[in-house]
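Here the structure is laid out as structure tokens; the discussion comes afterwards.
Please read all numbers here as calculations on a predicted model, not as lab measurements. All residue numbers in this chain count up from 1 along the given sequence.
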Amino acid sequence: MEYKKFSSEQLDRAKNADLIDFLGEYMGLEFKKAGRYYQCKQHNSLVVYADRKGFVWNSRSISGGDTIDFLRKVEGKSFPEAVEAIVGEAAAVTYKPAPKYKPEPEHLVLPEKADGKYSRVFAYLSQTRKISSDVITDFMKADKLYQDKKGNCVFVGFDEHGTAKFGSVRGTLTEKKYRGDCKNSDKRYAFNQMGTDSTRLYIFEAPIDLMSHCTMTDLAYGKGTYKNQTRLALCGSSDVALEAFLERHKEVKVLNFRLDNDEAGRAAVAKYTTKYQAKGYEVHCVFSKGKDVNEDLINRKKEFESSKQRK
């Protein structure tokens with residue numbers, strides 16, 4: 001494989017390109033100032049830092065430090081393709097480098113567990129997020145959910161051998177939101193729940209939405225009925241976890257998408273419907289009345305409480 005060699009001037013221009021200006025010309029995206037950051041008008045979860053180079057796309061769990069990173073991680077371009085797209089010039093020469101050593105994947109680094117009961121996480125999920133205490137307890141007993149020493153929720157995904165491979169941290173303070181994946185997380189093993197029926201798969205963006213759907217199923221059909229269904233949280237909107245899950249579970253025939261009811265979620269569902277129907281899957285998609293499944297659960301609980309008070 002040939003690699004393209006760029007001049008130092010070309011590389012400097014590419015690495016220091018203004019990401020907002022570039023995305024305006026390249027993709028037609030517009031941004032508005034939001035505090036110390038710039039928020040994309042078309043995709044509100046896409047944020048560019050004050051230096052106008054670094055970015056984070058929260059709904060896709062993608063981040064980077066410059067325009068090259070954006071093109072490689074979001075557009076899937078190679079390094080030479082990304083540089084050419086930015087500077088508008090081809091490389092001066094090409095050469096063949098020696099094969100690079102490919103290191104073994106590093107071990108997942110999970111936060112240290114809190115001592116004693118996970119009361120803060122339990123209170124946050126049950127009182128703020130309105131998730132059933134039975135569902136929370138089941139996930140804790142399965143070691144898929146715990147509280148770290150800072151009081152955060154930690155959602156864990158395991159491989160087929162029972163080894164933890166993925167971790168996602170979610171803050172419990174409503175006034176100070178925090179979320180992020182643990183170091184060396186392998187998204188192919190994102191947070192999931194296997195049910196007795198593994199031919200139908202329900203797909204969500206976040207672990208909290210997955211657990212909310214479990215709760216709503218129990219509310220509708222009775223305690224413990226959520227265990228009949230199989231669920232997967234993408235932990236973003238990328239389908240890396242879905243592709244890997246389907247590779248491991250050939251018995252899945254039906255995909256039920258329950259992604260967020262926003263522009264990014266709808267765009268992802270449209271893309272995945274076409275993609276997975278072409279692969280032979282039966283695909284269904286339902287969008288929440290609110291922003292996501294958890295918001296629907298919270299509103300449902302509020303309506304139930306109001307109706308009790310009126311009686």
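- Side-chain polar atoms of Tyr276 and Asp239 form a donor-acceptor pair below 3.5 angstrom.
- For Glu81 (side chain) and Lys77 (main-chain N/O), no donor-acceptor pair under 3.5 Å exists by modelled atom type.
- Side-chain contact between His213 and Gln229 is present, with at least one heavy-atom pair separated by less than 4.5 Å.
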Using the side chain to side chain contact (heavy atoms under 4.5 Å, CB included) rule, take Val74 and Arg60 through it: C-alpha gap first, then chi angles, then the decisive distance, then the call.
-> CA-CA 9 Å; Val74 177; Arg60 300 189 183 186; 3.8 Å; yes

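- Remark: Glu247 CD is loosely packed, at most 12 non-hydrogen atoms of other residues, nucleotides or ligands lying under 6.0 Å away.
- Within a 6.0 Å radius of NZ in Lys15, other residues, nucleotides and ligands contribute 12 heavy atoms or fewer.
- Under the 3.5 Å distance criterion, the side-chain polar atoms of Asp296 are matched with a main-chain donor or acceptor of Lys289.
- Under the 4.0 Å criterion applied to side-chain N and carboxylate O atoms, Asp21 and Arg52 are assigned as salt-bridge partners.
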Residues Phe70, Tyr26; criterion ring-ring contact (aromatic ring centres under 6.0 Å, His included); working and verdict = CA-CA 12 Å; Phe70 186 94; Tyr26 185 74; 8.2 Å; no

Go through Arg129 and Arg170 one step at a time and tell me if the side chain to side chain contact (heavy atoms under 4.5 Å, CB included) criterion holds.
-> CA-CA 12 Å; Arg129 294 296 188 165; Arg170 184 67 159 80; 2.7 Å; yes

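- Between Leu71 atom CG and Glu75 atom CD the span is 6.0 Å, to the nearest 0.5 Å.
- Relative to the ring axis of Tyr38, Lys33 places its NZ or CZ within 45° and under 6.0 Å from the centre.
- Using a 4.5 Å cut-off on side-chain heavy atoms (C-beta onward), Leu125 and Ile208 make contact.
- Within the 4.5 Å cutoff, side-chain heavy atoms of Arg266 are placed close to those of Asn261.
- For Tyr226 and Asp134, the side-chain atoms include no donor-acceptor pair closer than 3.5 Å.
- Put simply, the side chain of Asp197 never gets that close to the backbone of Gly195: no donor and acceptor are under 3.5 Å apart.
- Criterion: ILVMFWY side-chain heavy atoms under 4.5 Å apart, direct or through other members. Under it, Leu232 and Met216 are not part of a common hydrophobic cluster.
- If you chain together hydrophobic residues whose side chains sit under 4.5 Å apart, Leu210 and Leu219 fall into the same group.
- Between Met140 and Val121, the closest side-chain pair of non-hydrogen atoms falls below 4.5 Å.
- At distances below 3.5 Å, not a single donor-acceptor pair connects side-chain atoms of Gln39 with backbone N or O atoms of Ala34.
- In this structure, Ser63 OG and Trp57 CH2 are separated by 13.0 Å, a value rounded to the nearest 0.5 Å.
- The backbone N or O of Ser59 sits less than 3.5 Å from a side-chain atom of Ser237, completing a donor-acceptor pair.
- In this structure, Phe166 and Ser185 approach most closely via the heavy-atom pair CD1-CB, 3.6 Å.
- In this structure the side chain of Asp260 reaches within 4.5 angstrom of the side chain of Asp292, judged on heavy atoms.
- The two residues Lys187 and Ser61 have their closest heavy-atom pair at NZ-CB, 2.9 Å.
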Could you walk me through whether Val252 and Phe245 pass the side chain to side chain contact (heavy atoms under 4.5 Å, CB included) test, one step at a time?
-> CA-CA 9 Å; Val252 177; Phe245 189 93; 4.2 Å; yes

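- The shortest heavy-atom contact between Lys253 and Lys250 is NZ-O, 3.7 Å.
- Gly54 and Leu19 make their closest contact through O-CD2, 4.5 Å (heavy atoms, listed as atom of the first residue, atom of the second, distance).
- When hydrophobic clusters are built by joining Ile, Leu, Val, Met, Phe, Trp and Tyr residues whose side-chain heavy atoms come closer than 4.5 Å, directly or via intermediates, Leu255 is grouped together with Tyr272.
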Can you list the steps and then say if Tyr37 with Val56 is a side chain to side chain contact (heavy atoms under 4.5 Å, CB included)?
-> CA-CA 10 Å; Tyr37 308 102; Val56 58; over 6 Å; no

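- Considering CG of Asn44 and NZ of Lys41, their distance stands at 13.0 Å, rounded to 0.5 Å.
- Atom CG of Leu242 sits about 6.5 Å away from atom CG of Leu234, to the nearest 0.5 Å.
- Residue Lys53 comes nearest to Val48 through the heavy atom pair N-CG1, 4.2 Å, listed as atom of the first residue, atom of the second, then distance.
- No path of Ile, Leu, Val, Met, Phe, Trp and Tyr side chains, each step under 4.5 Å between heavy atoms, connects Leu246 with Val240, placing them in separate hydrophobic clusters.
- Open room surrounds CZ on Arg188; 12 or fewer heavy atoms of other groups in view lie less than 6.0 Å from it.
- Between Asp138 and Lys227, the closest side-chain pair of non-hydrogen atoms falls below 4.5 Å.
- Without hydrogens or angle criteria, Lys301 side chain to Lys130 main chain gives a donor-acceptor distance under 3.5 Å.
- A donor-acceptor pair is defined here as one N or O able to donate and one able to accept, closer than 3.5 Å; such a pair exists between the side chain of Thr215 and the backbone of Met211.
- Here the side chain of Gln42 pairs a donor or acceptor atom with the backbone of Glu30 at under 3.5 angstrom.
- Heavy-atom contacts from other residues, nucleotides or ligands closer than 6.0 Å to NZ of Lys275 number more than 12.
- In this structure the side chain of Tyr124 reaches within 4.5 angstrom of the side chain of Cys153, judged on heavy atoms.
- Applying the side-chain hydrogen bond (donor to acceptor under 3.5 Å, both in side chains) test to pairs two or more places apart or on separate chains, those with a residue in residues 144-158 are Asp115-Lys149, Asp148-Asn152.
- To the nearest 0.5 angstrom, Phe122 atom CZ is 10.5 Å from Ile131 atom CD1.
- Lys113 is listed as a side-chain neighbour of Asp143, based on a closest heavy-atom distance under 4.5 Å.
- Geometrically, Arg231 does not engage Phe204 in a cation-pi contact, judged by NZ or CZ lying under 6.0 Å from the ring centre and within 45° of the ring axis.
- If you chain together hydrophobic residues whose side chains sit under 4.5 Å apart, Val47 and Ile62 never meet in one group.
- A distance-only check finds a donor-acceptor pair linking the side chain of Asn299 to the backbone of Glu295 [under 3.5 Å].
- Annotation: cation-pi pair Arg258/Tyr202 absent, no NZ/CZ under 6.0 Å from the ring centroid and within 45° of its normal.
- Asn294 and Ser212 make their closest contact through ND2-OG, 2.9 Å (heavy atoms, listed as atom of the first residue, atom of the second, distance).
- Remark: the backbone N or O of Glu251 is not paired with any side-chain donor or acceptor of Thr199 at under 3.5 angstrom.
- The CD1 atom of Ile136 lies 7.5 Å from the CG atom of Leu145; values are rounded to the nearest 0.5 Å.
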